[in-house]
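Just so you know, ligand 1 is whichever comes first in the structure, and atom 1 is the first atom listed for that ligand.
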Amino acid sequence: MNAPLPIHNSDSLSAANGAGTQEKPGLVLLIAAPRGFCAGVDRAIEIVERALEKYGKPVYVRHEIVHNRYVVDGLKAKGAIFVEELDEVPTDAPVVFSAHGVPKSVPAEAERRNMVYVDATCPLVSKVHRQAERQIEKGQHIVFVGHEGHPEVIGTMGQVDPDQMTLVETMEDVAKLDFADETPLSFLTQTTLSVDDTADIIAALKDRFPHIVGPKAEDICYATSNRQASVKEIAPGSDLVLVIGAPNSSNSVRLVEVAERCGTDAKLIQRADDIDPAWLEGVGTLGLTAGASAPEKLVREVVDKIAEWRTVEEHTLVAAEEKMVFKLPRQLTE
Ligand code: SF4
């Protein structure tokens with residue numbers, strides 16, 4: 001194990017289930033806070049639940065409402081039907097758009113078909129959409145920092161004409177940009193990027209194009225920043241970090257990277273059953289966190305699974321307090 005950590009908050013525990021507890025080797029479990037659900041995910045799930053109450057079953061959801069199989073399966077059991085595109089939704093059925101946001105063409109098509117739709121786009125993603133509109137109104141070409149193919153990136157790039165925005169993912173992409181000196185430029189970023197990588201990319205953009213303008217702070221959201229900060233609290237003192245999240249969850253994958261950059265092995269798992277007990281061999285201190293789309297229930301499931309093998313001493317390390325709550329769309333509260 002590495003150097004000892006500041007423990008801000010300690011939940012003594014816990015642990016062990018069943019007989020033979022005394023014989024289990026001990027394990028210090030450092031749990032990151034904040035972790036798991038963010039305000040945008042909470043809101044998106046509640047939107048689907050309220051839509052089911054208001055309109056009855058089935059309610060269609062375009063794209064996974066959030067990137068978590070447990071959440072999606074739970075909503076399916078309540079009557080939600082998940083599809084990838086709007087043309088899979090019957091015209092007379094209500095449809096919810098996911099938290100990641102959608103290109104402008106999607107609500108436009110729903111309106112053309114006179115469909116009932118509810119937009120669960122996270123307000124922090126909508127904020128980036130509005131920034132994009134404003135930058136285009138000012139005649140700027142937008143350099144968008146994000147991961148190609150991610151639904152949020154597709155949604156944000158779909159707010160403007162394709163020739164008005166250029167996607168960059170890496171420093172190499174920045175080096176390849178070829179704008180004329182007089183081109184008015186601005187930048188925006190995906191909300192769930194690595195804080196550190198994005199700072200480097202923005203610095204490279206400003207270096208190459210000193211006249212480029214952008215938001216005061218990058219658009220990485222509070223939840224992404226806080227979860228990365230909390231991994232930096234647990235990882236240096238851990239022998240291994242487990243991150244609960246889906247492989248297609250951008251913010252969860254970033255948490256694995258942040259832990260690895262602290263010099264600690266990290267593994268992305270979706271459920272407790274994904275843990276190979278061999279991973280814990282030689283591990284005296286284990287870090288645990290969860291991406292913004294993973295519910296707390298899955299964290300407890302992992303703690304319980306580990307307690308089957310080890311006597312767990314559980315500590316929570318708090319990097320930030322979160323109190324953010326987003327309002328529901330008025331059409332579901334009236
Ligand atoms: Fe919104 Fe951030 Fe949560 Fe994405 S991770 S839903 S941007 S709060």
Of the options Leu242, Thr316, Val312, which is the one that meets Leu29 in a side-chain contact (heavy atoms from CB on, under 4.5 Å)?
Val312

Between Phe187 and Phe144, is the gap from one ring center to the other below 6.0 Å?
no

Atoms of ligand 1 under 4.0 Å from any heavy atom of Tyr222, numbered from 1 in the order shown, are 8 (S)

Do Ser126 and Arg130 have side-chain atoms, one donor and one acceptor, less than 3.5 Å apart?
no

Shell of protein N/O/S atoms around atom 1 (Fe) of ligand 1, taken as anything under 2.8 Å:
Cys122 SG

For His129 against Thr121, the heavy-atom pair lying closest together:
CE1-CG2, 4.4 Å

Which pair of non-hydrogen atoms, one from His141 and one from Asp163, has the smallest distance, and what is that distance?
CE1-O, 3.2 Å

Give me the atom names and distance for the closest heavy-atom approach of Asp173 to Glu169.
OD2-N, 2.7 Å

